[in-house]
*Asks:* 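Please find one structure pasted underneath; my questions will follow.
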Amino acid sequence: MSTIAFIGLGNMGRPMVAYLLKAGHQLRLYARRPEVFQHEAKPLLEAGAQVFGTPAEAAKDADFIITNVMSTADVAEVLCQGEHAVIQQAKAGAICIDHSTIDPTGTREIAATLAKQGIGFVDAPVSGGVKAATEGSLVMMLGGATTDIEKVMPIIQCYAKTITHIGDVGHGQVAKLCNQIAQVINIQGIAESMRFAASNGADLQKVFQAISGGMAGSRMLDLMGPKMVSRDFKAGIEARLHAKDFFLVKEAINKAHLDLPALQTVALQLEKLMDSGWGMDDTSSLLRVLEA
């Protein structure tokens with residue numbers, strides 16, 4: 001069994017840790033919100049995980065360091081920057097596994113900094129949301145050296161069902177952002193379909209049933225269609241997370257001078273959604289943006 005430092009105990013991170021503990025690994029935890037150990041993460045401590053005061057302390061003697069935080073800056077901070085960062089105490093030969101969705105360029109820069117200290121890096125963003133994390137069925141896209149991928153595979157198989165090695169460091173993030181482009185543009189299309197149906201007085205449930213059986217049918221339509229029909233905007237996938245990822249892609253394509261018009265349009269809709277205060281609600285709220 002391995003010693004694993006895990007940094008980031010949000011709704012996705014906690015079930016990952018639970019699966020690792022169940023598999024018999026030794027877990028060393030760090031959270032930027034210490035109060036999480038008094039509430040949501042308390043069962044992890046009862047199952048044998050240990051708590052540490054800094055990322056560096058958690059990473060000491062760990063074979064693997066797993067991060068699941070929000071932004072590129074957050075990943076860089078906990079891994080590389082300052083006296084409390086992982087790089088200060090992680091041993092040579094350890095491998096960092098990052099499940100965050102962040103900028104591919106920033107990912108490569110973080111990996112290069114860690115490599116100077118003999119620390120490996122695999123970018124391993126995930127798809128499937130809290131439901132898949134809880135069920136241990138996450139979809140995972142990997143970027144990194146083949147030797148590092150082989151070493152981390154027994155760890156990530158504890159909570160991921162579909163795992164694809166895309167290529168070098170950063171390519172996992174590229175694949176995840178491609179996933180977000182296709183996913184959210186699809187949600188926008190579903191919202192526009194429902195808006196068009198409603199404006200013509202059609203029964204939304206029957207329209208959904210009709211198109212879901214045709215070529216418009218998709219897993220995203222099956223997920224988002226019923227939510228829009230019933231106007232259930234309770235978060236399954238928080239819009240703010242999709243917005244964060246979409247704005248990452250928008251920045252990247254602007255730098256690369258790529259013309260992706262559908263992405264640009266949906267990014268504007270996500271900006272309106274966020275400005276309306278619906279960021280903590282489901283991304284199906286794109287329908288409400290059209291209605292507004």
Side-chain angles (χ1 to χ4, degrees), residues 1-8 12-13 15-28 55 58-69 72 74-76 78-80 85-87 90-129 132-133 135-182 245 248 252:
M1 294 297 102
S2 299
T3 299
I4 302 170
F6 202 105
I7 300 168
M12 297 286 288
M16 293 179 186
V17 171
Y19 277 107
L20 292 169
L21 287 167
K22 185 177 180 180
H25 298 290
Q26 181 180 354
L27 271 294
R28 300 164 63 90
K60 185 178 181 181
D61 298 324
D63 305 302
F64 302 94
I65 300 100
I66 300 177
T67 48
N68 190 27
V69 293
T72 309
D74 292 331
V75 177
V78 298
L79 291 182
C80 304
V86 162
I87 198 171
K91 64 184 180 182
I95 301 177
C96 293
I97 306 168
D98 180 36
H99 292 318
S100 317
T101 299
I102 64 173
D103 175 56
T105 300
T107 294
R108 288 186 281 268
E109 292 171 353
I110 292 167
T113 300
L114 293 170
K116 295 176 182 178
Q117 300 298 320
I119 302 168
F121 186 91
V122 171
D123 53 302
V126 297
S127 181
E135 295 173 349
S137 59
L138 287 164
V139 174
M140 193 174 297
M141 296 142 267
L142 306 182
T146 301
T147 52
D148 288 341
I149 300 297
E150 291 172 350
K151 292 175 183 176
V152 306
M153 197 64 71
I155 302 300
I156 59 180
Q157 284 175 335
C158 291
Y159 45 81
K161 182 178 181 181
T162 303
I163 303 170
T164 305
H165 182 196
I166 306 298
D168 295 335
V169 168
H171 286 175
Q173 296 295 350
V174 170
K176 174 60 185 294
L177 294 178
C178 289
N179 179 81
Q180 303 304 74
I181 293 170
D245 296 347
L248 265 180

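The analysis underlying the following values was restricted to heavy atoms, covering all of them including side chains, and did not include hydrogens, waters or symmetry mates.
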*Asks:* Under the rule for side-chain contact (heavy atoms from CB on, under 4.5 Å), what residues qualify as partners of T113, not counting sequence neighbours?
*Replies:*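 With neighbours one apart ignored, the set is C80, I87.
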*Asks:* Verify, without hydrogens or angle tests, whether N68 (side chain) and G8 (backbone) share a donor-acceptor contact under 3.5 angstrom.
*Replies:*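 Not at all, since once roles are kept as given, no pair shorter than 3.5 Å links the two residues.
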*Asks:* With sequence neighbours excluded, tell me which residues meet ring-ring contact (aromatic ring centres under 6.0 Å, His included) with Y159.
*Replies:*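 Here the qualifying residues are H99.
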*Asks:* Going from CD1 on I66 to CD1 on I155, what distance comes out if it is rounded to the nearest 0.5 angstrom?
*Replies:*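 Spacing of CD1 (I66) from CD1 (I155) equals 6.5 Å.
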*Asks:* Are L142 and I156 close enough, and set up right, to give a side chain to side chain contact (heavy atoms under 4.5 Å, CB included), and what steps lead you there?
*Replies:* CA-CA 10 Å; L142 306 182; I156 59 180; 3.8 Å; yes
*Asks:* Quick check: closest heavy atoms across G172 and P125, and the distance to 0.1 Å?
*Replies:*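 It is O-CG, 3.2 Å.
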*Asks:* Is there any salt bridge (Lys or Arg N to Asp or Glu O under 4.0 Å) pair reaching into residues 91-118, and which pairs are they, with sequence neighbours excluded?
*Replies:*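 Qualifying pairs, neighbours excluded: D63-K91.
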*Asks:* Which value, rounded to the nearest 0.5 Å, describes the distance between Y19 atom OH and E135 atom CD?
*Replies:*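 Going from the OH atom of Y19 to the CD atom of E135 covers 7.5 Å.
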*Asks:* How far apart are the closest heavy atoms of L138 and A133, and which atoms are they?
*Replies:*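 Taking every non-hydrogen atom into account, CD2-N, 3.6 Å.
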*Asks:* Please list all pairs meeting side-chain hydrogen bond (donor to acceptor under 3.5 Å, both in side chains) that have one or both residues in residues 163-177, counting only residues at least two apart or in different chains.
*Replies:*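 side-chain hydrogen bond (donor to acceptor under 3.5 Å, both in side chains) check on residues 163-177 returns T101-K176.
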*Asks:* CG of L20 to CE of M1: how many Å apart, nearest 0.5 Å?
*Replies:*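 Result: 10.5 Å between the selected atoms.
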*Asks:* Residues two or more places apart in sequence or in another chain: which of them pass side-chain contact (heavy atoms from CB on, under 4.5 Å) with A90?
*Replies:*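 A90 satisfies side-chain contact (heavy atoms from CB on, under 4.5 Å) with A59, I65, V86, I119 once adjacent residues are dropped.
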*Asks:* Roughly how far apart are C96 SG and D123 CG, rounded to 0.5 Å?
*Replies:*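 One finds 11.5 Å between SG of C96 and CG of D123.
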*Asks:* Sorted by first residue and then second, give each salt bridge (Lys or Arg N to Asp or Glu O under 4.0 Å) pair with at least one member in residues 136-162; sequence neighbours left out.
*Replies:*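 Found none.
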*Asks:* Going from CD1 on I163 to CD1 on I149, what distance comes out if it is rounded to the nearest 0.5 angstrom?
*Replies:*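 One gets 9.5 Å once the value is rounded to the nearest 0.5 Å.
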*Asks:* Take L248 and Q180, measure what side chain to side chain contact (heavy atoms under 4.5 Å, CB included) needs, and give me the verdict at the end.
*Replies:* CA-CA 10 Å; L248 265 180; Q180 303 304 74; over 6 Å; no
*Asks:* Tell me every residue that passes side-chain contact (heavy atoms from CB on, under 4.5 Å) with V78, counting only those two or more places apart in sequence or in another chain.
*Replies:*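 Partners of V78 by the side-chain contact (heavy atoms from CB on, under 4.5 Å) criterion, ordered by chain and then number, come out as I7, P55, T67.
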*Asks:* Can you sort out the partners of D74 under salt bridge (Lys or Arg N to Asp or Glu O under 4.0 Å), two or more places apart, ordered by chain and number?
*Replies:*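 Scan of D74 (salt bridge (Lys or Arg N to Asp or Glu O under 4.0 Å), adjacent residues dropped) gives R32.
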*Asks:* If every non-hydrogen atom of A62 is compared with every non-hydrogen atom of A5, which pair is closest and at what distance?
*Replies:*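 So the two residues come closest at CB-N, 3.9 Å.
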*Asks:* For I95 and F121, work out which heavy atoms get closest and say how close.
*Replies:*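 Smallest interatomic distance, heavy atoms only, reads CG2-N, 4.2 Å.
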*Asks:* On a heavy-atom basis, which atom in S2 and which in F64 lie closest, and how many Å separate them?
*Replies:*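 Taking S2 first and F64 second, the nearest heavy atoms are OG-CE1, 3.6 Å.
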*Asks:* Taking only residues two or more places apart in sequence or in another chain, which ones pass side-chain contact (heavy atoms from CB on, under 4.5 Å) with A23?
*Replies:*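 A23 satisfies side-chain contact (heavy atoms from CB on, under 4.5 Å) with H25, C158 only.
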